[in-house]
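First up is the structure itself, then whatever we jot down about it.
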Amino acid sequence: MHKKIFPLIIVSLVVFLLSSCSLPPIQPVTRMELMKTRIYNKYIIEESPEELLYALNTRGEVIVEGKRNVPGMELPIYVKMMATTDGIHINEYDR
């Protein structure tokens with residue numbers, strides 16, 4: 001009984017851990033796709049586009065510190081970008 005359950009638990013755990021990791025995208029993200037998101041117009045981000053592209057193409061996601069681009073206000077946020085098959089998805093979180 002234990003000989004059948006133990007391998008099943010190990011395989012289930014390995015599948016779960018591998019599916020929860022972020023993976024690089026199948027097709028690399030281009031600079032043009034990054035600029036179509038207008039991220040540098042919506043947010044003030046210190047990282048260059050090349051740094052963001054490198055992170056997206058190697059890890060599949062990146063979280064950077066930024067500020068909401070609102071005149072007269074400074075709203076610190078975290079910006080999370082994920083490279084998916086549908087394009088780049090952007091989420092923002094308060095700091």
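Separating the OG1 atom in Thr37 from the CE atom in Met32 is a distance of 13.0 Å, to the nearest 0.5 Å. With rounding to the nearest 0.5 angstrom, the CD atom of Glu51 is 11.0 Å from the CD1 atom of Ile45.
Put simply, Tyr43 and Met35 are part of the same group of oily side chains (I, L, V, M, F, W, Y) that touch within less than 4.5 Å, one to the next. Under a hydrophobic clustering in which Ile, Leu, Val, Met, Phe, Trp and Tyr are joined whenever their side-chain heavy atoms come within less than 4.5 Å, directly or via other members, Ile90 and Tyr40 fall into the same cluster. When the side chains of ILVMFWY residues are joined at heavy-atom separations under 4.5 Å, either directly or via intervening members, Ile77 and Met82 end up in two distinct hydrophobic clusters. Both Leu52 and Ile88 belong to a single network of hydrophobic side chains, linked directly or stepwise wherever heavy atoms of I, L, V, M, F, W or Y lie under 4.5 Å apart.
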Decide yes or no on side chain to side chain contact (heavy atoms under 4.5 Å, CB included) for Lys80 and Val62, but give the supporting numbers first. CA-CA 6 Å; Lys80 180 178 182 179; Val62 63; over 6 Å; no
Please assess Val79 against Lys42 for the test side chain to side chain contact (heavy atoms under 4.5 Å, CB included), listing each intermediate value before the final yes or no. CA-CA 11 Å; Val79 180; Lys42 296 177 186 175; over 6 Å; no
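A pairwise comparison of heavy atoms in Gly60 and Pro25 identifies CA-CD, 4.1 Å as the closest pair. Between Leu34 and Met81, the shortest heavy-atom contact is CD1-SD, 4.3 Å.
Atom CD1 of Ile26 has 12 or fewer heavy atoms from other residues, nucleotides or ligands within 6.0 Å. Heavy-atom contacts from other residues, nucleotides or ligands closer than 6.0 Å to CD of Glu50 number more than 12.
Side chains of Tyr54 and Val29 form no contact here, defined as non-hydrogen atoms less than 4.5 Å apart.
In this structure Thr30 satisfies the side-chain hydrogen bond (donor to acceptor under 3.5 Å, both in side chains) test with no other residue, sequence neighbours excluded.
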Show me the donor-acceptor pairs within less than 3.5 Å that the side chains of residues 65-76 make with the rest of the protein, sequence neighbours left out.
residue: Glu65; atom: OE1; partner: Arg95; partner atom: NH1; Å: 3.4
residue: Asn69; atom: ND2; partner: Asn41; partner atom: O; Å: 2.9

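There is no side-chain donor-acceptor pair under 3.5 Å between Glu92 and Tyr78.
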